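The structure appears below as C-alpha cells.
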2 protein chains.
Amino acid sequence: MKKKSSATIYDVAHRVGVSLATVSRVVNGNSNVRDSTKQKVLEAIEELGYHPNAVARGLASKKTTTIGVVMPDVTDVYYSELARGIDDVANMYHYDVLLTNTDEDPVRETMAVNNLASKQVDGIIFMGNDLEREVLNTISSANAPVVLAGSVEGEGRLASVNIDYIEAVKEATEAVLKNGHKRVAIVTGPITHAINGLYRLAGYKKALEANQIEYDDTLLFTTHQDYNAGLQVAQKILAAGATAVVTYDDEVAVGIMNYIRDQGKRIPEDFEIITSNDTKLTIMTRPQVTSIGQPKYDIGAVAMRMLTKLMNNEVLDESQVKLPHTLERRGTTIN
Amino acid sequence: MKKKSSATIYDVAHRVGVSLATVSRVVNGNSNVRDSTKQKVLEAIEELGYHPNAVARGLASKKTTTIGVVMPDVTDVYYSELARGIDDVANMYHYDVLLTNTDEDPVRETMAVNNLASKQVDGIIFMGNDLEREVLNTISSANAPVVLAGSVEGEGRLASVNIDYIEAVKEATEAVLKNGHKRVAIVTGPITHAINGLYRLAGYKKALEANQIEYDDTLLFTTHQDYNAGLQVAQKILAAGATAVVTYDDEVAVGIMNYIRDQGKRIPEDFEIITSNDTKLTIMTRPQVTSIGQPKYDIGAVAMRMLTKLMNNEVLDESQVKLPHTLERRGTTIN
DNA sequence: AGACAATTTGCAAACGCTTACAACGTTAAT
DNA sequence: ATTAACGTTGTAAGCGTTTGCAAATTGTCT
C-alpha cells in the first residue's frame, strides 16, 4: 500500500462518465442532480475512496470552514473551558479550529491574527485580557469577522461575550463585606489590564462605596496568575491587616488559603476568601473555595455561535453579550 | 475602509514590473534573485500590504504548514500540557495547529482523522489511551505522517512518545509496599484501555510479584476520570480493607484523599496515596499528593519534533521514544 | 406532434500560488 | 571576438475545486 495520492473529483467524474460539475454538485448536496446519476456518483465516490480536497475547495470557494482561536494558554483551565465551548459549537457547524497560544504577548497576538488571516480563516475568536491598539488594528484589518470571548475592548466595535465583571466583583466584595469585614483585600492581575485589572478594581470600589468604606490602596495587590504567587502575596495581605480577600484567579486563591492556614488561622472563621473563575479546583480543596460563578463553557459556545452568524452575514441581535454570573458560596466564606 | 479583498501576488508583480515567479521567489526566500529587484519587490509588498494566500500556496505546493492534533479533551490538564508542548514546537517550525477534541470516542476520532486528511494537514499528532482498529486503519490510510503522544499502539508501527508506564506504576506501587502495606488498592481507567488499564495493572502486578504478595482482584477499581469518581470509589477502597492506593488520575486521587480524611483517617499515617499525572493540582492540596512525575510538556514537544522530521522525510533515530519519569514524593506518602 | 418550460448536465473560467523549463543577459575564459 | 557558463527572469502548466452560463435533455400542455 504505497502512498497513492488520493482520488480527485476528476477520477470520480471520469469513472461515472459525467462532468466535474456534476460530481461537485452531489458532493455539495446541490439539488439539481437527477437521483439516478446521484447514486452512481455516490457509488463511485465510495469505491474510489474519494475525499474532497479542502484546500482546493477553499481556493475556489473562498471559504475554508476553519476558524482561528487566539488564546493566552491552553493550559489555563479557565481558557481551556472556553475553548471547549468554542470547539463543540464549531464542530456542530462543521468548522475546524486553528488554535494559537499567545501568553498574552501583544506581539504574538498580532502575529497570530496575521497568520490566521493569511490562512484565510472564515472567522476568529479572540481571548485575552487586554487588547492593545496594534492588535486591535490587525484584527480589524483582517478580512474576517471576529468575536471576543472573555475579553473586552473599550470602544465596543467588536462583538464580544463576557459576564458583567464589575458587577460580579462588586457582589463578591459585598458578600464578604456583609460579614462585617472592614479591611478586605483585593488581588488583581496587571492593573492596566481591562478585565483582570480595571474592572476588578472598579467592582471592588463600587462595593466599598455602597458600604461607605473608604478605599485604601494598601489593600490592593497585583500578582501573577499561579499558585506560588498566591503563597507569596498572602503574607503581604496579612501584613496589611486584611481579614478577607477577593481574588481574580483560583490558583492564587488556593495559594492564599494554604498560606493562611499554615499560619494557624482558620478559614473562614478568621479569614474569608472569594475567587473569580470557579474552576474545578475550587471544589477539590478543603475547604472548598467560594467563587463567582462564570458560565465559562457557554461564553465560548455563545461566542462561537455568534461567529457563525457573522460568517453567514447575519446581523446579531446583540453584539455585546453579557452572560449571567452567580456567586457559588462554599467553604471559604461564612454564609 | 471597505472589505477590500487583499492584494495578490499578481498585483505585486505588476507594480514592480516583474513576473509572478520573481515575486514568488522573493517571498519564499529563494536566492536566485538579484538584490536590487528583491528590494523593489519587498517595497511593493510593503506598500500593498500583500500577504501570501496560504490556501493557494497549499494547493500549489501540496504543503499546508498545518498539522492536526487529535486529543481527548483540552479541558483535561494532562492533555492540555501535552498540547502546549506540541504547540510551542509547532510554532518554532512555523506550523499551525488544527485542534480536535474527541472525548476518546472512536467514532469521533475516526472522523477527526479523516477530516484532517481532507484538510491536507502535513502531519498528525494523536493522543488518547486506546487506539481502536478502525481508528488505526484510518490513521494509516491518511496520507500524512503520524506521531502518537501519550498513546500506545500494540504493533509499534507508529512513532510514539511515552514514558514507561508499566515501570512507573511498578515503582509507585513498590514505594508504598516498602512502607509495609499488605493491601494496596489500584485504581485504573477502563481495564481494556492500554495505558490507563492494562499497563497500570501490569505494573502493579509486577510490583506485587517482586514483593511476593499475591494479586487480589478485590483491590482493583475502575473509575471515571474525575473528582466525584474519586469520592465514590474511596468508600469501596476502604471497605476492601486497603491501606494505600495507587491511582491513575490526579482528580480521582484528590477525591479519594478528601473522602478518607473526612472519615477521620490521617494521611499519610493511616492511608497512603500515589497518583500518576503530576498535574498542578497535586501541589495545591493539603497534603500535597505524591505522584509519578511525567514530563508532560516534553512528551508533546518531542512528539512534535519527531513529526517535523517525519514531514521532512528524515528517518527517526528512535521511533518508540520513552521519556524518563520520576517519583515525586510529597505529603500523601511516608517517605 | 410541436412549442415551451423546467430540469439536468457540461464547459470553461476562475481561485492565487509554485515550479519546471526556457530564455535572456552577463561575465569570463579562450 | 566567440563561446561556454552562469545568474537572473519570464512563461505557462498545473494544483483540485466551485460556479455562472450555455447546452442538452426531459416533461408538459395544447
Side-chain angles (χ1 to χ4, degrees), chain A residues 3-42 44-45 48-66 115 117-122 143-144, chain B residues 3-42 44-45 48-66 115 117-122 143-144:
Chain A
K3 182 193 277 195
K4 64 158 185 292
S5 66
S6 44
T8 72
I9 197 173
Y10 179 82
D11 299 325
V12 177
H14 192 253
R15 173 148 184 154
V16 183
V18 297
S19 72
L20 303 189
T22 300
V23 177
S24 174
R25 289 192 186 99
V26 351
V27 168
N28 292 294
N30 188 309
S31 52
N32 294 5
V33 180
R34 188 183 301 155
D35 249 8
S36 60
T37 66
K38 183 174 180 176
Q39 285 314 319
K40 287 193 283 186
V41 170
L42 253 19
I45 286 178
L48 265 44
Y50 166 72
H51 287 283
N53 179 322
V55 174
R57 221 201 270 237
L59 221 212
S61 70
K62 296 173 162 302
K63 298 214 162 304
T64 54
T65 60
T66 300
N115 184 235
S118 90
K119 290 250 166 158
Q120 314 296 121
V121 294
D122 295 338
N143 203 42
Chain B
K3 183 193 274 194
K4 64 157 184 292
S5 64
S6 43
T8 72
I9 196 172
Y10 178 82
D11 299 326
V12 178
H14 191 254
R15 173 147 186 156
V16 183
V18 297
S19 71
L20 304 188
T22 300
V23 178
S24 174
R25 289 192 186 97
V26 352
V27 168
N28 292 294
N30 187 311
S31 52
N32 292 4
V33 180
R34 188 185 302 155
D35 249 8
S36 59
T37 66
K38 183 173 180 177
Q39 285 315 320
K40 284 193 283 186
V41 170
L42 255 18
I45 286 179
L48 266 42
Y50 167 72
H51 287 283
N53 178 322
V55 174
R57 221 203 269 238
L59 222 212
S61 68
K62 296 173 161 301
K63 299 214 162 303
T64 54
T65 60
T66 299
N115 183 235
S118 89
K119 289 252 165 156
Q120 315 297 118
V121 295
D122 295 338
N143 203 41

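Lettering follows sequence order; numbering is per chain, from 1. Only a predicted model underlies this, so the values are computations on that prediction, with no experimental measurement involved. For the numbers below, each heavy atom of this structure counts, side chains included, while hydrogens, waters and symmetry mates do not.
Taking atom CG of A/Leu48 as the reference point, atom P of D/dG16 lies 14 Å away to the nearest angstrom. In this entry the distance linking CG of A/Asn32 with P of D/dA24 reads 19 Å, nearest Å. Atom CD1 of B/Ile45 and atom P of C/dC17 are 10 Å apart (whole Å). Distance, B/Asp35 CG to D/dG7 P: 14 Å, rounded to whole Å.
Across all non-hydrogen atoms, the minimal contact from B/Ala144 to B/Val121 is CB-O, 3.8 Å. Of all the heavy atoms in B/Asp122 and B/Lys63, the pair that sits closest is OD1-CA, 3.6 Å. In terms of heavy atoms, A/Ser118 sits closest to B/Pro52 at CB-O, 3.4 Å.
Distance from the side chain of B/Ser24 is smallest for C/dT19 among the nucleotides C/dT19, C/dG16, C/dT9. The nucleotide whose nearest atom lies closest to any side-chain atom of B/Thr22 is, among C/dT18, C/dG10, D/dG10, D/dG10. Between C/dC17, D/dC21, D/dT17, one nucleotide has an atom nearer to the side chain of A/Thr8 than all others, and that is D/dT17. In this structure, of C/dC11, D/dG10, C/dT9, it is C/dC11 that holds the atom nearest to the side chain of A/Ala21. The side chain of B/Asn28 sits closest to C/dT18 out of D/dT11, D/dC15, C/dT18. Closest to the side chain of B/Leu59, out of D/dT17, C/dA20, D/dG16, is D/dG16. When the nucleotides C/dT18, D/dT19, D/dT9 are ranked by their closest atom to the side chain of A/Ser61, D/dT19 comes out on top.
B/Lys62 has no side-chain polar atom (N or O) that falls below the 4.0 Å cut-off from OP1 or OP2 of C/dT19. In this structure, A/Ser19 does not reach the C/dC11 phosphate: none of its side-chain N or O atoms is under 4.0 Å from OP1 or OP2. Residue A/Lys63 has no polar side-chain atom (N or O) positioned under 4.0 Å from OP1 or OP2 of D/dT17. Look at B/Tyr10 and you won't find any side-chain N or O under 4.0 angstrom from OP1 or OP2 of C/dA14.
Side-chain contact between B/Thr37 and B/Val16 is absent, with no heavy-atom pair separated by less than 4.5 Å. Put simply, the side chain of B/Arg57 reaches to within 4.5 Å of the side chain of B/Asn28, judged on heavy atoms. A heavy-atom distance below 4.5 Å is found between the side chains of A/Val55 and B/Thr64.
Between A/Val27 and B/Lys38, the residue whose closest nucleotide on DNA chain D is further toward the 5' end is B/Lys38. Position along DNA chain C of the nearest nucleotide to A/Arg34 versus A/Leu20 favours A/Arg34 as the more 5'-ward residue.
A side-chain donor-acceptor contact under 3.5 Å links A/Lys119 and B/Thr66.
For the segment residues 51-58 of chain A, residues with any heavy atom less than 4.0 angstrom from an atom of DNA chain D are, sorted by number, A/His51, A/Pro52, A/Asn53, A/Ala56, A/Arg57.
If you check distances only, the side chain of A/Arg25 does reach the base of C/dG10 with a donor-acceptor pair under 3.5 Å.
With B/Tyr50 as reference, B/Val12 is the one residue of B/Val41, B/Asp11, B/Val12 to meet the side-chain contact (heavy atoms from CB on, under 4.5 Å) rule.
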